[in-house]
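Notes to accompany the following structure.
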Amino acid sequence: MILIVVEYANGKVSKSTWEMITAARESGREAPLTALVLGSNISAIAAEVARAVDQVLVADLPALAQYDPELWSAAVAQIAAEGEANLVLIGGSRSGREYSPRVAIKLDAPLLEDVITLKSSAETNTAQRYTFLARVTETIESTTPIAVVTIKPGVFNPATPKAEAAEQFDVDLNLPTPRLKVTGKTAERSSRISLSEAEIVVSGGRGVGSAEGFTQYVEALADQLGAAVGATRAIVDAGWRPYSEQVGQTGKTVQPKTYIAIGISGAVQHLSGMNKSKTIVAINRDPEAPIFKIADYGIIGDVTQLVPAILTELKK
Amino acid sequence: MRILTYIRQVLDAEESVHIANDAVALENSKLVMDTMDEYGVEEALRLRESGIEAEIVAVAVGSARIQDALRTALAMGADRAIHVETDTRLDAIALSKVLAQLATQEQATLIFSGGQQADWDSHALAAATAERLNWPQVTWTSALELKGTTLTGKHDADEGSESFTLELPAVVTTQQGLNEPRYPTLPNIMKSKKKELRKESLDEFDVTPKLKFVSAEIQVKNRLNKILDGKDAPAAAAQLVDLLRNEARVIA
Ligand SMILES: Cc1cc2nc3c(=O)[nH]c(=O)nc-3n(C[C@H](O)[C@H](O)[C@H](O)COP(=O)(O)OP(=O)(O)OC[C@H]3O[C@@H](n4cnc5c(N)ncnc54)[C@H](O)[C@@H]3O)c2cc1C
């Protein structure tokens, strides 16, 4: 079987799960598609995902109320081993990339991490992934009967649910005691669309001048376009924006339909987090700024004049 | 206690990428210690400076050149280094087998590793090492404290961040924000030349990778490069909005 570990948030199946379903269906591997839902009070999630797979395994346990890398890897490895899974698909979220290596080792399987294409047969798994700060696309291959794969978010088209629902089964698990104790949580600001799921991202760099400039230009344009807000490390380091908004090597990777870079120079570390965006728009007063080399559209000019003019134009 | 800090050597971010024989060719490029790993070395040094008695061992697996990165770690303040020399490129799961064995041999109780490797763009090494050792892990750490055998700190989760506590032994991944790595001073660079840098052969670790690197390509997506002059701001803004609406059709 192909095992997909369901990702969900706020009571809904995440886009990444629908993308994994497409990746599995397009992989060429002929095997029943099994969704595994881990958590507590997850019947709605199980019912939702049942409309796109062949069967659903549900581990609805109080012990799984909190994500923990040791619990998740133990659960996935147990189910994969019992079901003789030959392909285990995990989301390329921070947590997915954190526990998937443990699953691979428990199953004595290779890990194909953060892949953007996947061709799978009974003999081989071939995948592509970005490497060297997303400047290179590498092809990797495993020739083992089983492989653990994490799927990069935002690359595969999300599958559409059907009317009929697959059967659900409750599963028993033998779980270890978690050793990492979470003592508190700070949520990211949830008032805005999340960076990883937004169709449009408006990002600001040092060229916006100040924290106030960021609000005045970047946030205003994002609000007007219904976009998520991103930032460069330079301004996160300056304390103008929270780290959760940073895009780049040490921040988030985004791949929206449209990325608008305002007052951003385009350092490689920033580009590695956004250079796969479909359309890139840049505003910068320096015609030599590297960001223009990867831009589809751009204006050479001053942020303080151009962004207000764009806002006026958009409101027309 | 003994702390292992795992070091990678990667292409300097300012360098261009070259491909030869279906792989990234590094021979003629400037290589540096992976910045993510520098945070790990620095954090180990800070733990010791906070009064914890610890020996800090820098560890690396790779070609002869990787010893430059180990020397940097020694110059920053690590006590000694171990270099497992090989020209074979290993994936994170294979590599973790070496690291876990070294941790056991060295009786280490804490391992630091960078959150993401800048060459393989991978997060897997630390978690894989933790699993092999049957240790817990905490990734993307942005604050850390050690009292006795209890680690407390903060780390990034899928959405937002979490505070945690964890008992040693453990594997911790490090990142920006945790600290500001120091630069080696000249006297420390001189001193580091006398520190032990032990060589080991990969053969002793019985590693058989299950993953093959088949090919590499530099991806150049053709961009439209329609760049407008913004001297007349309202006119340029009108033109851009028109292009985005009617040509690219990316905004309503
Ligand atoms: C290990 C490591 C990891 C890193 N990770 C990241 C990361 O994840 N994300 C990241 O972003 N960076 C990262 N960096 C930092 C990166 O190298 C750059 O320093 C950073 O991206 C620069 O941010 P910036 O473009 O805002 O600032 P700058 O490089 O200062 O650029 C500002 C730009 O604004 C333009 N400008 C100024 N005023 C105006 C105006 N009035 N109107 C129009 N344009 C104007 C300037 O021409 C300039 O091009 C990392 C660095 C290292 C070493």
Side-chain angles (χ1 to χ4, degrees), chain A residues 69-70 73 93-95 97-99 101-102 104-106 110-111 113-114 130-142 144 179-188 225 243-244 249-250 257-258 268-269 279-281 292 294-302 305-306 309-310 313-314, chain B residues 11 13 17 24 91-93 118-124 127-128 130-132 136-140 156-167 175-177 210-219 223-231 233-234 236-238 240-241 243-244 248 250-251:
Chain A
E70 292 191 71
S73 56
S93 57
R94 189 161 265 165
S95 56
R97 294 183 72 181
E98 178 184 77
Y99 76 81
R102 300 191 88 120
I105 287 176
K106 284 182 201 292
L111 175 67
E113 197 184 356
D114 217 26
Y130 300 128
T131 57
F132 289 85
L133 301 183
R135 292 187 285 175
V136 175
T137 305
E138 279 193 279
T139 303
I140 51 174
E141 189 182 89
S142 72
T144 45
R179 291 183 280 187
L180 180 76
K181 287 192 188 64
V182 173
T183 53
K185 276 184 193 294
T186 327
E188 276 169 16
L225 295 171
Y243 171 57
S244 57
Q249 183 200 354
T250 39
K257 289 216 172 84
T258 313
V268 275
Q269 296 94 349
T279 300
I280 295 175
V281 183
F292 283 128
I294 65 151
D296 293 291
Y297 301 98
I299 309 183
I300 301 166
D302 202 288
Q305 285 160 24
L306 286 167
I310 291 168
E313 193 62 35
L314 285 172
Chain B
L11 189 66
V17 187
V24 173
D91 66 273
I93 299 289
D119 48 359
W120 180 228
D121 284 12
S122 168
H123 299 190
E131 175 65 27
R132 289 194 192 275
Q137 76 201 57
V138 60
T139 60
W140 295 99
D156 291 326
D158 276 338
E159 300 290 335
S161 59
E162 295 172 345
S163 324
F164 64 84
T165 70
L166 185 61
E167 283 299 308
Q175 61 158 333
Q176 165 201 352
K210 291 181 164 36
L211 207 60
K212 274 196 299 210
F213 300 94
V214 180
S215 62
E217 272 178 275
I218 295 178
Q219 278 280 312
R223 295 286 177 183
L224 295 171
N225 279 127
K226 290 196 181 168
I227 311 298
L228 314 170
D229 185 342
K231 274 195 204 78
L240 179 72
V241 169
L243 285 168
L244 296 180
V250 293
I251 60 171

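Throughout, protein chains are lettered first and strands after them, A, B, ... in sequence-line order, and every chain is numbered starting at 1.
- Only the side chain of Leu11(B) comes within less than 4.5 Å of a heavy atom in chain A; its backbone stays farther off.
- At a 4.5 Å heavy-atom cutoff, the contact between Ala130(B) and chain A is made by backbone and side-chain atoms alike.
- If you measure heavy-atom distances from Asp91(B) to chain A, you find no contacts under 4.5 Å at all.
- Contact annotation for Ser93(A): both backbone and side-chain heavy atoms come within less than 4.5 Å of a heavy atom of chain B.
- In summary, of the residues considered (Lys210(B), Arg132(B), Glu131(B)), a side-chain contact (heavy atoms from CB on, under 4.5 Å) with Ile93(B) occurs for Arg132(B) alone.
- In terms of heavy-atom pairs under 4.5 angstrom with chain A, the leader among Val138(B), Leu166(B), Val241(B), Ile227(B) is Ile227(B).
- Residue with the most contacts toward chain A among Ser215(B), Ala118(B), Ala237(B), Ala216(B): Ser215(B) (heavy-atom pairs, distance under 4.5 Å).
- A heavy-atom distance below 4.5 Å is found between the side chains of Arg94(A) and Asp156(B).
- Heavy-atom distances place the side chain of Gln175(B), and not its backbone, under 4.5 Å from chain A.
- With a 4.5 Å cut-off on non-hydrogen atoms, Leu225(A) touches chain B through its side chain but not through its backbone.
- In this structure, chain A has a heavy atom under 4.5 Å from the side chain of Ile251(B), while its backbone stays farther away.
- Contact of Gln249(A) with chain B is made through backbone and side chain together, with heavy-atom distances under 4.5 Å.
- Proximity to chain B involves both the backbone and the side chain of Val182(A), based on heavy atoms less than 4.5 angstrom apart.
- Side-chain atoms of Glu98(A) and His123(B), non-hydrogen and from C-beta on, never get closer than 4.5 Å to each other.
- Every residue was checked against the ring-ring contact (aromatic ring centres under 6.0 Å, His included) condition with Tyr130(A), not counting sequence neighbours, and none meets it.
- Minimum interatomic distance between Tyr99(A) and Pro69(A) (heavy atoms only, all atoms of both residues): CB-O, 3.7 Å.
- Residue contact with chain B, scored on non-hydrogen atoms closer than 4.5 Å, involves the backbone and the side chain of Thr279(A) alike.
- If you measure heavy-atom distances from Val24(B) to chain A, the contacts under 4.5 Å come from the side chain alone.
- Glu70(A) touches chain B through its side chain: at least one heavy atom from C-beta onward sits under 4.5 Å away, while N, CA, C and O do not.
- Only the side chain of Gln269(A) comes within contact range of chain B, judged by heavy atoms closer than 4.5 Å.
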